[in-house]
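A short worksheet on the structure shown next.
In each ligand, atom 1 is the first atom listed, and ligand 1 is the first ligand listed.
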Amino acid sequence: MGEIKTIGLLTSGGDAPGMNAAIRAVTRTAIYHEMKVKAIYRGYKGLITGEIVEFKTQNVSNIIQQGGTILKTARCDEFKTAEGRKMAYDTLVREEIDALIVIGGDGTLTGARIFASEYDYPIVGLPGTIDNDIYGTDSTIGYDTALNTIIEAVDKIRDTASSHDRLFFIEVMGRDAGFLALNGAIASGAEAAIIPEIATEVDQLEDLIKNGFRKTKNSSIVLVAESEITGGAMHYADRVKKEYPEYDVRVVILGHIQRGGSPSAYDRILASRLGEASIEALLDGQRNILIGIDDDRIVAVPFSKAIKNDKPIDPDLMKVVKILSI
Ligand code: F6P
């Protein structure tokens, strides 16, 4: 691999709070090491169309506290095609970009992996998604902030749930991963979390009712992970209406509110550390890796491992929800 003089930087997929802190860290570390930084707008889409601006250190001033991504983001179907990736490669050659840093979730890393192997091109990925569903890293950028948004919302819903003696199903994001629902339930003191990881093994509603979730309480909060596997919050509310009409049920779908807002201290620190480490890794000659955090240490995980493996849910966490909701 030749010397890396210019790096390209993009965010792709769903935005996540802390992406800006990562953009700042990557940009400033690269400039510190006398590299040029080319910011690519709208993810892989901007790589294909060549929407690129050179960033100086001032371009990333005053953004550490901002949610969203100043680079904008997109979900790009064209990059899934060989023609789209060829156009992206042509842009990189034309712009003299020697390596790429991509910040995003599973889809972003999958695209990076395919592109890197097709063109033998150096890429480093940073895990940026509120879903926390990336293998090889304890946490993803944005997850902690989204959890905090969830508990703030649940705290408010709890007031009205308790005033009316109601059962609330609150749907949270996660795209087939239960991390937000499960840890959101623990952090908000919810009675249960319904998550896709175990949806096919047990009827979680039956479980909930059998455990006597109304034994000591008149109101209840159940967090449901959005997913075709769980069927979402509406599905459970409909079932309760039919099967247990004695309960007064309501549904709240938290939706994209979970993606916004100023990043938490944890996410800012995580993003800053991972961003800095991504440039150091490239300088070290590493490529086609995800930079993550494991037991508070920065780790490099090969794309192949990070993408292929599903990040497991700790079953003990389900136990915690169950025990603490008696
Ligand atoms: O991957 C992040 C995420 O927020 C998922 O939790 C959710 O399923 C999805 O993105 C929503 O995507 P969109 O912004 O395209 O509606």
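- When Ile289, Val26, Ile103 are each tested for a side chain to side chain contact (heavy atoms under 4.5 Å, CB included) with Ser278, only one passes: Val26.
- Between His256 and ligand 1 there is a heavy-atom distance shorter than 4.0 Å.
- Taking each of Glu226, Arg75, Arg175 in turn, the one with a heavy atom nearest to atom 15 (O) of ligand 1 proves to be Arg75.
- In terms of polar-atom proximity, defined here as any N/O pair under 3.5 Å, Gly174 does make such a contact with ligand 1.
- Tyr41 and Phe55 have perpendicular rings, their planes meeting at more than 60° on a 0 to 90° scale where under 30° would count as parallel.
- Of the protein's non-hydrogen atoms, Arg259 NH1, 2.8 Å is the one closest to atom 4 (O) of ligand 1.
- Arg158 and Ser219 share no side-chain donor-acceptor pair at under 3.5 Å.
- Counted by atom type alone, Arg28 and Ser61 present one or more donor-acceptor pairs between their side chains at under 3.5 Å.
- The heavy atom nearest to atom 6 (O) of ligand 1, considering only Thr129, Thr108, Asp131, Asn132, is found in Asp131.
- Crowding of Glu152 atom CD: a count of heavy atoms from other residues, nucleotides or ligands under 6.0 Å not exceeding 12.
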